[in-house]
Every structure is written in C-alpha cells, then in structure tokens.
Amino acid sequence: MNFMENILDRVEFLNQHKFNEKGQYILYWMYHSQREDLNYALEFAIFLSNKHKKPLVVYFPITDFYFHSNKRYYFFMLEGVLKTKNKIEDRGIKFLLELTNKPFYEVVIEKSRDAAVLVLEKAYLKYHRKIRQEIARRVGCCVYSVEDNVVVPIKVVSTRLEPYARTIRNKLYSKMPKYLRIPPKLDLKIKSVSMDFGFNEEHPKEVEELIKRLNIDKSVEEVTKHFRGGEEEASNKLEIFIKERLHKYRTLRSNPGYNYQSDLSPYLHFGQISPVRVVLEILKFYDRRDENVEAFFNELIVWRELARNFCYYNPLYNEFEGIPTWAKQTLEEHLNDRREYVYSLKDLEEANTHDSYWNAAQKELLKTGKMHNYMRMYWCKKLIEWTTHPKEAFNIACYLNDKYSLDGRDPNGYLGISWCFGSCDHPWPERKIFGKVRYMSKEGLSRKFDMDKYLQRIDRL
Ligand SMILES: Cc1cc2nc3c(=O)[nH]c(=O)nc-3n(C[C@H](O)[C@H](O)[C@H](O)COP(=O)(O)OP(=O)(O)OC[C@H]3O[C@@H](n4cnc5c(N)ncnc54)[C@H](O)[C@@H]3O)c2cc1C
C-alpha cells in the first residue's frame, strides 16, 4: 500500500480551487494535532511538498481570541507546542509560531495568500467547523482537510447520528484493522527550516515568555504538578498505564479511590498523542481479546468516536435542547418538583455544597485540571438536582468543565454532559426531579466504593 492509498479516506477537499502554481509554499495550519508523531496531516503536507517541489511551512498561530482562554490550558498546550516545534524543525521543516490578537480565520487566510495549498485538520465542533468553512471559502488556493484524531474516519463509520454506543461499536470495530496500518514517515526533499519567507517569527525559550504577552484569564492557574504538556509526556503516561494500570482497568477504572485510568485525555484533546498510536502501543504488549484491553478500547475507541459522531451530526450537542425528546419531556414534567438544595454558580464553582463527595470532585477539578470519570457523572447529575432548571444545570456543567478541565472544550465533554441528561442512554424508572433520566445518589457511591479513600486522595492533593 503506498502513502496516498494509506491515508486517502482521511483526506477531504474543502473547496473547488486548484493547486496555486504561483504559491510560494505548502501551508499546514496545525491546530488539533499538536504533534510530530503519527500526524497524518503533517505527513500529507510533506507528501505535497515533495510532489510539487514547494517548501513546507507548518503554521501555529497563538491567539487569545478564544473562549475560555486561560493560563491553565495555554500553559499545557504551549509546553507541548514548543517541544513539537523542535521535533518538526529537526526534520528540516519551517515551524512558524506567531502570536496574534486576531481570530484564527483571519491569520490563516492572510498566510494562505502566498500558499500553493492549505492543509488543515478535520474538526467536529461547530466553531471549528465554521472557521474551516470560512477559510476554504475565502482563500485562493485549494484546501485539504485531514482527519487524524480518530481511529476510523467518522463518515466511514456512519453518516448519521448514532443513538447508542452499541449501535456504533461493530461498525467501528469491523472497519478498524484497515486504519491501524500507519503510513511511512516521508523524507522531506526541500528543507525549509532556514528559509526566509518574511514572516514575523517567535522563538521563545520558555512558555512563560509567551504567556506573559497573552491577554488571557490568568486566575485559572497551570497544573504542572499533575500534568506537563508534550508528546514525550503523553508517551510516558501511556507507558505507565500499560505497565502499571491496564491489567486492572476493567475492575478498578470506575473506582474513585484509585487511579486506574490512563490520564491520557488532556494529551488526546490537544492532539499530543494519536489515538492510533495508543491502540498500537497497547497491542504490542496485550492481546486484543484481553478483558482489560476490551474495556479500555470501549472507552478510547467506541465512546470517544461516538462523541465525535454525536457532535458532528447533532448541532445542539452543547445545549439542553440537544438531548433526546423523551429526556427533555420527562425533565420538564418534573420542573416543579421541590429541590431540597439550590446552589448558585459561585457556591458550585467554589466547591461549597453540603455534599462532601461532590465538593471533593469539584476540588479535584480545580486543583488537578481533571476529575475522575465516575465522579464526573455524579458531579453532573447533582447539578440537575441542585438547580432550578435542567437547562441551567447543563450550562453550568459546560461552563465549569470547559473552564477548569484540561481536556474540556472537547466532543467527549459535550457527550459526557449530554449523557447525564439522557443522551445515548435509555429511560429508567421514574423518580422526582430526574423523571426517567438515570439518577445517581451519594448512598450509591458509598455502597459501591470506599469513598473515604477518595476524600483522602483529594485532601492530599
Ligand atoms: C459530565 C462528564 C464530563 C466529561 N468531560 C470530558 C471532557 O471534557 N473531556 C474528555 O476527554 N472526556 C470527558 N468525559 C469523559 C470521561 O470522563 C473522560 O474522557 C475520562 O475520564 C478521561 O480520563 P482518562 O483519559 O484517564 O480516561 P481513560 O479511562 O483512561 O480512557 C481513555 C480515553 O478514552 C476516552 N474516554 C474515556 N471515557 C470516555 C467517555 N465516557 N466518553 C468519551 N470518551 C471517553 C477518552 O479519550 C480517554 O482519554 C466526561 C464525562 C462526563 C460524564
């Protein structure tokens, strides 16, 4: 299989323009795939550079023009980007880092004026899809989109909204083997790293240099004690997971007293590691039929790619109105049920409720930039109980998750929240406030897990 055959299903044209012969360079706008390793968009851009004999420029604009721009996730992201810049430059490729106070689409359009081709990565969320369409409409060169942050390209899996994990699982798994074959790394024929294209380039040594100059919310502090950004850090987390945690993943993953999760979600969110790489590494050490591998792939592949399907085919993915009709109806029928506790956003944000488990979960989020998976469900379900309208609960969940979670602003987060309101779930026996939406209780947590262990773990943070 040659290079193009290998990645063909991942590539789409976003406009009708031809290759711009007069263009000076091939431009790759790096956004979702902040890595050198197993980056299909990068390899495709190298392929185009070699084919058309034009130098390649990888462009990474940094803007404070983004919702929830805060120090926590900029720090994590930029730590990774500076290391990836070095890795890409080592391959002889120009990596253009630019600090700007303009929106992405403006600066990418500006840089595309002298480009022969623009390569970008496929997006699933509304905002990102919209700016990609806008760019493709306004530039004079052809635009390719490469889908490299899923195992199987989403349209190959399904062309409609999949209602449940069980409806997408076999579709994904039956197609998967073809997409686990990785393309060879291509040698770049024209080294562009030292070429001068007249750009204003940034060569920061430290992340802080960049952070200082950005007009972002600096009150949400970095969480470097728990997560350091970068491809190498992602590989280290994966190695630890494979060596020390995966063998007990099925039984202990959901137990908040322990951490048997991979902690890969921030790295996957910023594209610092490819999900394909994660799968291939695991299969080097484990049998595909191992029950722990099966449980992990169910999250990494089935639920993660269901989340992309959910956001791509449901334009209301981040709104209360986007939940299934039965769930909306039943929650609305119970609007007037008495709420024992009602909290303000401030109380919730400051982890100031009567419930020690909930407060611990919120503190975990504030302190580490990530919350244990099982507690995420409990945390979000309680918002339904403690606000006067489920729409308010939905918005608060998105706000807090996107603001504090390193892996926030991701399709997984929107599906996770929407799931708590009934999406991709089925009706349960009816009860107050929740109606037929699945309920979770403090007693249930204590019954299942040693919650004191969780409280102690959070206290020690
Ligand atoms: C209310 C709520 C909010 C959530 N917000 C986010 C979020 O903002 N970002 C985020 O990545 N995940 C979110 N999740 C999903 C899940 O909780 C996290 O992906 C998981 O806890 C991340 O930790 P990990 O990488 O250590 O997980 P692991 O258990 O090691 O899983 C490996 C990978 O599988 C994927 N995965 C695991 N669980 C899910 C799931 N339920 N749905 C989709 N993909 C999954 C993730 O990419 C994860 O990194 C949310 C879930 C809920 C219920």
Side-chain angles (χ1 to χ4, degrees), residues 32 68 72-73 124-125 149-151 162 164-165 168-169 172 226-227 234 237-238 240-242 244-246 248-256 258-279 281-282 292-311 317-318 323 358 361-362 364-365 368-384 393-425 437-438 440:
H32 285 301
H68 279 324
R72 173 169 297 183
Y73 79 84
Y124 307 97
L125 302 184
N149 286 305
V150 286
V151 176
E162 291 293 337
Y164 303 107
I168 204 172
R169 187 173 291 110
L172 266 166
H226 305 280
F227 292 98
K237 289 265 185 218
L238 178 57
I240 292 171
F241 177 65
I242 294 174
E244 298 172 11
R245 300 179 182 173
L246 182 53
K248 288 193 178 158
Y249 185 80
R250 195 182 67 81
T251 43
L252 286 182
R253 173 216 181 215
S254 292
N255 193 326
Y258 301 89
N259 186 6
Y260 272 84
Q261 295 185 253
S262 67
D263 279 342
L264 283 174
S265 55
Y267 301 93
L268 287 162
H269 170 72
F270 287 98
Q272 295 178 357
I273 194 163
S274 154
V276 176
R277 175 64 73 210
V278 178
V279 172
E281 280 305 299
I282 287 176
N292 291 297
V293 172
E294 189 52 51
F296 184 70
F297 283 1
N298 191 47
E299 303 303 334
L300 175 77
I301 304 171
V302 178
W303 277 92
R304 188 171 176 278
E305 302 201 3
L306 177 67
R308 269 111 199 107
N309 172 287
F310 177 72
C311 291
Y317 60 79
N318 58 346
I323 69 174
W358 195 94
Q362 175 66 13
E364 185 183 13
L365 178 64
T368 70
K370 188 169 177 277
M371 191 190 292
H372 188 277
N373 171 62
Y374 205 86
M375 295 311 292
R376 280 180 156 169
M377 297 189 262
Y378 180 74
W379 173 88
C380 188
K381 292 278 185 190
K382 289 293 143 186
L383 295 176
I384 302 179
F394 197 105
N395 292 341
I396 290 178
C398 289
Y399 171 79
L400 294 177
N401 194 60
D402 285 349
K403 180 171 174 183
Y404 292 106
S405 205
L406 274 181
D407 61 21
R409 308 156 306 282
D410 187 278
N412 287 357
Y414 300 120
L415 176 59
I417 290 166
S418 202
W419 176 87
C420 291
F421 288 75
S423 290
C424 302
D425 201 3
V437 168
R438 186 198 296 246
M440 282 172 81

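Remember, it's 1-based here, ligands and their atoms both numbered in the order they're listed.
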Colleague: At what distance is the nearest protein heavy atom to atom 26 (O) of ligand 1, and which residue and atom is it?
Modeller: Asp263 N, 2.6 Å
Colleague: Which protein non-hydrogen atom lies closest to atom 35 (C) of ligand 1, naming both residue and atom, and how far is it?
Modeller: Glu299 O, 3.5 Å
Colleague: For ligand 1, is Phe296 a contact, meaning one of its heavy atoms is under 4.0 Å away?
Modeller: yes
Colleague: Rounded to the nearest 0.5 Å, how far apart are CG of Leu400 and CG of Asn395?
Modeller: 11.0 Å
Colleague: Starting from the C-alpha separation in whole Å, work towards a yes-or-no answer on side chain to side chain donor-acceptor pair (under 3.5 Å) for Arg409 and Asn401.
Modeller: CA-CA 8 Å; Arg409 308 156 306 282; Asn401 194 60; over 6 Å; no
Colleague: Looking at ligand 1, does any of its N/O atoms fall within less than 3.5 Å of an N/O of Arg409?
Modeller: no
Colleague: Heavy-atom contacts under 4.0 Å between His269 and ligand 1: side chain, backbone, both, or neither?
Modeller: neither
Colleague: Give the ring-plane orientation class for Trp379 versus Trp358, where under 30° counts as parallel, over 60° as perpendicular and anything between as tilted.
Modeller: parallel
Colleague: Under 4.5 Å between any side-chain heavy atoms of Ile282 and Ile242, yes or no?
Modeller: yes
Colleague: Distance-only, no hydrogens or angles: does the Asn309 side chain make a donor-acceptor pair with backbone N or O of Glu162 under 3.5 Å?
Modeller: yes
Colleague: To the nearest 0.1 Å, how far is atom 14 (N) of ligand 1 from its closest protein heavy atom, and which atom is that?
Modeller: Arg376 NH1, 3.4 Å
Colleague: Could you tell me whether some N/O pair between Trp419 and ligand 1 is separated by less than 3.5 angstrom?
Modeller: no
Colleague: If you measure only the distance, is there a donor-acceptor pair under 3.5 Å linking the side chains of Asp402 and Tyr73?
Modeller: no
Colleague: Flag Phe241 as yes when one of its N or O atoms lies below 3.5 Å from any N or O atom of ligand 1, and as no otherwise.
Modeller: no
Colleague: Which residue and non-hydrogen atom of the protein lie closest to atom 7 (C) of ligand 1, and at what distance in Å?
Modeller: Asp407 OD1, 3.2 Å
Colleague: Hey, could you give me the OH/CE distance between Tyr378 and Met440, rounded to the nearest 0.5 Å?
Modeller: 8.5 Å
Colleague: To the nearest 0.1 Å, how far is atom 21 (O) of ligand 1 from its closest protein heavy atom, and which atom is that?
Modeller: Gln261 NE2, 3.0 Å
Colleague: Just let me know how Leu268 lines up against ligand 1, side chain, backbone, both or neither, with a heavy-atom cut-off below 4.0 Å.
Modeller: side chain
Colleague: Say whether Lys370, considering both its backbone and side-chain N or O atoms, lies within less than 3.5 Å of an N or O atom on ligand 1.
Modeller: yes
Colleague: Looking only at protein heavy atoms, which one is nearest to atom 29 (O) of ligand 1, and how far off is it?
Modeller: Tyr249 OH, 2.5 Å
Colleague: Quick test: of every protein heavy atom, which one is nearest to atom 25 (O) of ligand 1, and how far off is it to 0.1 Å?
Modeller: Ser265 N, 2.9 Å
Colleague: Just let me know how Ala307 lines up against ligand 1, side chain, backbone, both or neither, with a heavy-atom cut-off below 4.0 Å.
Modeller: neither
Colleague: Please could you name the atoms of ligand 1 that Arg304 approaches to less than 4.0 Å, counting only its heavy atoms?
Modeller: 43 (C), 44 (N), 47 (O)
Colleague: Please check: side-chain N/O of Glu305 versus main-chain N/O of Val151, any donor-acceptor pairing under 3.5 Å?
Modeller: yes
Colleague: Among all the protein's non-hydrogen atoms, which is closest to atom 10 (C) of ligand 1, and how far away is it?
Modeller: Asn412 CB, 3.2 Å
Colleague: Could you tell me if any non-hydrogen atom of Ser405 lies under 4.0 Å from any atom of ligand 1?
Modeller: no
Colleague: Does Leu415 reach ligand 1, in the sense of a heavy atom lying below 4.0 Å from it?
Modeller: no
Colleague: Roughly how far, to the nearest 0.5 Å, is CG of Asp263 from NE2 of His372?
Modeller: 9.5 Å
Colleague: Answer with yes or no whether the side chains of Asn149 and His32 bring together a donor and an acceptor at under 3.5 Å.
Modeller: no
Colleague: Between Asn292 and Arg253, does any side-chain donor sit less than 3.5 Å from a side-chain acceptor?
Modeller: no
Colleague: Looking at CG of Leu246 and CZ of Phe296, how far apart are the two atoms once the value is rounded to the nearest 0.5 Å?
Modeller: 7.0 Å
Colleague: Classify the ring geometry between Phe241 and Tyr249 as parallel (under 30°), tilted (30 to 60°) or perpendicular (over 60°).
Modeller: perpendicular
Colleague: Please identify which atoms of ligand 1 are closer than 4.0 Å to at least one heavy atom of Gly408.
Modeller: 8 (O)
Colleague: Check ligand 1 against Cys380 and write out every atom of the ligand that is under 4.0 Å from a heavy-atom position of the residue.
Modeller: 1 (C)
